[in-house]
Protein chains: 2
Amino acid sequence: MKNGMRKKATIYDLSVLSGSSPSTVSAVLNGTWRKRRIKEATAALIRELAEKYQYTANRQAQGLRSSRSGLVGLLLPVHDNRYFSSMAQTFEAHVRSKGQCPIVVSASRDPQEERETAATLISYSIDELFICGATDPDGVHEVCEKAGLKHINIDLPGSKVPSVISDNYEGGRMLTEAIIRQFPADKPLAPEELYLFGGRNDHASHERIRGFRAVKRDLLAGDPDICIQTTGYSPNNTRLAFEAFYEREGRLPRALFVNSSINFEGFLRFMAGHPHETFSEMVVGCYDYDPFASFLPFPVIMIRQDIESMLAKAFEVMKEPRPAPTVHMIRPELIKPRTALAGPLDALKDID
Amino acid sequence: MKNGMRKKATIYDLSVLSGSSPSTVSAVLNGTWRKRRIKEATAALIRELAEKYQYTANRQAQGLRSSRSGLVGLLLPVHDNRYFSSMAQTFEAHVRSKGQCPIVVSASRDPQEERETAATLISYSIDELFICGATDPDGVHEVCEKAGLKHINIDLPGSKVPSVISDNYEGGRMLTEAIIRQFPADKPLAPEELYLFGGRNDHASHERIRGFRAVKRDLLAGDPDICIQTTGYSPNNTRLAFEAFYEREGRLPRALFVNSSINFEGFLRFMAGHPHETFSEMVVGCYDYDPFASFLPFPVIMIRQDIESMLAKAFEVMKEPRPAPTVHMIRPELIKPRTALAGPLDALKDID
DNA sequence: TCTCTTTGCACAATCGATAGTGCAAATACT
DNA sequence: AGTATTTGCACTATCGATTGTGCAAAGAGA
């Protein structure tokens, strides 16, 4: 085995070594050789040489010629959050199983960055783009459309192409009901004791709030507007909202519906400044699941969005030739307090 | 603005539109035009047309010609964990600021998958590879070396190229000492009451354990071997180890050093099966930081690895022409219980 | 043996950008 | 005016693969 060759082997190298033409080598190595009526023996020889010289196709050349790169993009708001990183993990498995290469990037929930990032991915001729949690899905759509790039929305719906989202209304209902039922019948919750914090002017927040209000009116017979505090998705703004509330009221609400784990982090920041006892009587529901959050010192009810099903559906829809711009809703799951779910990590073999 | 053109504009299109040759267009748009003595007016015209027709260079063609793709790879064990997803987030910011495109993939801590994944990235002619937490860094090294790809190790060191890692010995010491000091002088910890769970036969685990034992011997004057339970990185194996311990001893150790947040998830699974009181008296130290874990019902002391500094150092070393295979150690930070740190998320603007 | 078909492969154009080279026109200089 | 420079750009090969087309040699059929 003579190593040390600086440059990678190409079909031209193998062509010389095998005595066949580059096109023959190409056909053998990309699987189209039967169609081209290449002799089995020729193919075998070339495969052997390819093995010996560790040939791997140059994807840029392939992509240039075929205008398909084998790259599949996932556009996320951010990486460092269990929801989105689980999304990345599951996405990667899907893409790799199709023999393609995942490329996951984040665009900070900024409409312009979303469009520019999409454009960058397009310049690499990615084959498909999954747009997850975009602030402006239709803006990204335009960029993709113009480049003839197939794309789909996840988590937040757009209007031009199919979307696969969590059933936020139903999830909001489930979570609200679970929060209310967490209180014993002899100390029931009053309507003004259940607050929702977080979220902003996006579809997911709207639907969750709609579910929240519906159940609240049903079960608690009341729903004061003051109980909805949309703080955006910034942890710090969320913290400020809690500080303001606490300042005003001298206490926290008995029950809390937190719009996302990112808002929950804002709550943590508030917690850091206040003693344990402040929280001892409260119940929190959070739309998103995080294993550590599930074990906090007060009951935390969580909603786990069914990432696997959402992505499975998205990949399925992606396979259709010209899918209608339908919104597919996937029912999320209610997770009771103190629950440690298995995740993608569990698929790993662990040696040593 | 006449839209609707299916295919993207190329330098040939602009060449026709501008009346210049493709090479002139290319030079103007890639910035080498002054060197080529192109008239300012010609350049202006071409730039204007490029703007109008929304030209963006085809990176595959560029890459094929120049054998540089503008892609920079990060190889992770897994995505869905705060440590690695923060790594991805910070990495992405660095790469984007250099005008390149990040490509983050995971290889499940499996040596063969690590090598194959590196090979895949190489087939896309990535410019650099950051190998993070690889089980077999030197195996990946061989693949990169053979392809002439510049690379560096992060988190776990290799022997052939530079590595930037957390100072695990010092971190292990800091964490152990903090755990011990968490106990009041009148109820001090005995050597056999402090256990370490998690980790395996890797450099990071070894160093953390070395730090653990050194401090334990110093402060507690004893260090029984039984107190080290290496369970690997699987949450489930970790849970089993705790179950076994509990079965045997009828209780948990008073103090715990958990090797990583992934092992901590195994502890969560154990917690799910046991009532609150089981943990009320204990102190846990975890090597890794997770904001939610920091607020669990018992004191959790955490180590935050300094991801920003590690990556900053890695990118700095990467710039050197032929860096020596040194191991650079970055001191991690001790995080006291109930601490919610700001993260990369805080850089986001939040509108609405 | 001679035509007809099938087999097996080589040739050459192409994808979109880059960079070395060469050459006419414009300008400078004597 | 005549030569020497400089300016401004076009030409062309190249990166590594894909694919439509063409053609010689081998085999089949009469």
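Convention: sequence-line order gives letters A, B, ...; per-chain numbering from 1. No experiment lies behind these values; they were computed from the predicted model shown.
Closest approach to the Arg65(B) side chain among dG16(D), dA17(C), dG20(C) is made by dA17(C) (side chain taken as heavy atoms from C-beta onward). Side-chain proximity of Arg36(A) to dC9(C), dA10(C), dG16(C): nearest is dA10(C). The side chain of Thr10(A) has dA17(D) as its nearest neighbour among dA17(D), dC9(D), dA17(C). Which of dA17(C), dC9(C), dC15(C) sits closest to the side chain of Arg37(A) comes down to dC9(C).
What separates CD1 of Ile11(B) from C1' of dA10(D) is a distance of 13 Å, to the nearest Å. Taking atom CZ on Arg34(B) and atom C1' on dT7(D), their separation rounds to 14 Å, with Å as the unit. Computed from coordinates, the Ile38(A) CD1 to dT19(D) C1' distance equals 12 Å when rounded to whole Å. Taking atom NZ on Lys39(B) and atom C1' on dA10(D), their separation rounds to 14 Å, with Å as the unit. Taking atom CD1 of residue Ile46(B) and atom P of nucleotide dG8(D), one finds them 14 Å apart after rounding to whole Å. Taking atom CG of Leu64(A) as the reference point, atom P of dA13(C) lies 17 Å away to the nearest angstrom. Leu29(A) has its CG atom 13 Å from the C1' atom of dT18(D), to the nearest Å.
In this structure, His151(A) and Lys160(A) have side chains that are not in contact, with every pair of non-hydrogen atoms separated by 4.5 Å or more. Inter-residue side-chain proximity for Ile165(B) and Leu156(B) is flagged as unmet; no heavy-atom pair is nearer than 4.5 Å.
Ion pairing of Glu320(B) with Lys150(B) is absent here, as no side-chain N (NZ or NE/NH1/NH2) approaches a carboxylate O to less than 4.0 Å.
With hydrogens and angles disregarded, a donor-acceptor distance shorter than 3.5 Å links the side chain of Thr90(A) to the backbone of Ser86(A). A donor-acceptor pair is defined here as one N or O able to donate and one able to accept, closer than 3.5 Å; no such pair exists between the side chain of Asp127(A) and the backbone of Val72(A).
Below 30°, between 30° and 60°, or above 60°: for Phe315(B) and Phe91(B) the angle between ring planes is between 30° and 60°, a tilted geometry.
Of the side-chain N and O atoms in Gln60(B), none sit less than 4.0 angstrom from OP1 or OP2 of dA17(C). At dT18(C), one or more side-chain N or O atoms of Asn30(B) fall inside 4.0 Å of OP1 or OP2 (strictly under the cut-off). Between Thr42(A) and dC9(C), a side-chain N or O to OP1/OP2 separation shorter than 4.0 Å is present.
Side-chain atoms of Gln112(B) and Arg115(B) include no donor-acceptor pair closer than 3.5 Å. A donor-acceptor pair shorter than 3.5 Å can be found between the side chains of Asn30(B) and Thr32(B).
Contacts of residues 12-27 of chain B with DNA chain C (heavy atom under 4.0 Å): Tyr12(B), Ser23(B), Ser26(B).
Comparing the start and finish of the helix from dT1(C)-dA30(D) to dT30(C)-dA1(D), five pairs each, the helix axis swings through 50°, to the nearest 10 degrees.
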task: Tell me, with the steps shown, if His141(A) and Asn153(A) meet side chain to side chain contact (heavy atoms under 4.5 Å, CB included).
output: CA-CA 9 Å; His141(A) 162 79; Asn153(A) 299 304; over 6 Å; no
